[in-house]
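Down below is the structure, laid out as structure tokens.
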Amino acid sequence: PNTTVTITGGSDYSLTASPTKRWISYVANPQGFPDWFNWAPTITGYSTPPSGGVYRFRINGRTVFCVIREPNNGISNATTLTISVPVAPINITNLLWLYPAALTDNGISMTTYGRAVVAGTSSDIVFGINPVVQGGFTASGGKRVAACDIWYEI
């Protein structure tokens, strides 16, 4: 009989539980409502994460769209790189969403695309240095996600 509704304002807005100020709209982007939000992800794979990162998302229906841009290298301390998602994906066993990602490894911008994967059972975007390898980064030097756009179901 009850429906759970997940509400987020990203890292831009704080939500309050006001019993008298609730507005619901069936429009994807009501007038005055922001279309894109920032989020403050948990990032692993760095001893020093990249500075100046831009992590933005929007929700349309049951789909989350994410844009990631790290303009500066962080210092790698692992062969892996993960960035938490702003909203958990739907949990579908054996399903994953796979996207190209422009990456830097050991201070060198890669000339071929790496990959970004969101699995239906994970709350992280997992990056790899090519389309079939999870991780594979050098565990030292500079690395970053130069640019990546993804979407997944919620």
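Since this is a predicted model, take the numbers as computed values, not measurements.
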Whether over 12 other heavy atoms sit under 6.0 Å from Asn91 CG: yes

Side-chain donor/acceptor of Tyr152 to backbone N/O of Val64, under 3.5 Å: no

Whether Arg144 side chain and Glu70 backbone form a donor-acceptor pair below 3.5 Å: yes

Side-chain donor-acceptor contact under 3.5 Å, Thr138 with Asp105: yes

Intermediate values then yes/no, side-chain contact (heavy atoms from CB on, under 4.5 Å), Arg115 and Val117: CA-CA 7 Å; Arg115 75 175 198 168; Val117 174; 3.7 Å; yes

Side-chain (Arg62) to main-chain (Ile154) donor-acceptor, under 3.5 angstrom: yes

Side chain to side chain contact (heavy atoms under 4.5 Å, CB included) partner of Ser122, chosen from Ile125, Val118, Asp124: Asp124

side-chain hydrogen bond (donor to acceptor under 3.5 Å, both in side chains) evaluation trace for Ser123 with Ser84: CA-CA 6 Å; Ser123 59; Ser84 64; over 6 Å; no

Plane angle bin for Trp39 and Tyr55 - parallel if under 30°, tilted between 30 and 60°, otherwise perpendicular: perpendicular

Side-chain donor or acceptor of Glu153 paired with backbone N/O of Thr63 under 3.5 Å: no

OH (Tyr46) with more than 12 external heavy atoms under 6.0 Å: yes

Euclidean distance, Ile43 CD1 relative to Phe127 CZ, rounded to 0.5 Å: 9.0 Å

N/O donor-acceptor pair under 3.5 Å between Lys143 side chain and Pro50 backbone: no

Flag for Ser140-Ser76: side-chain donor and acceptor within less than 3.5 Å: no

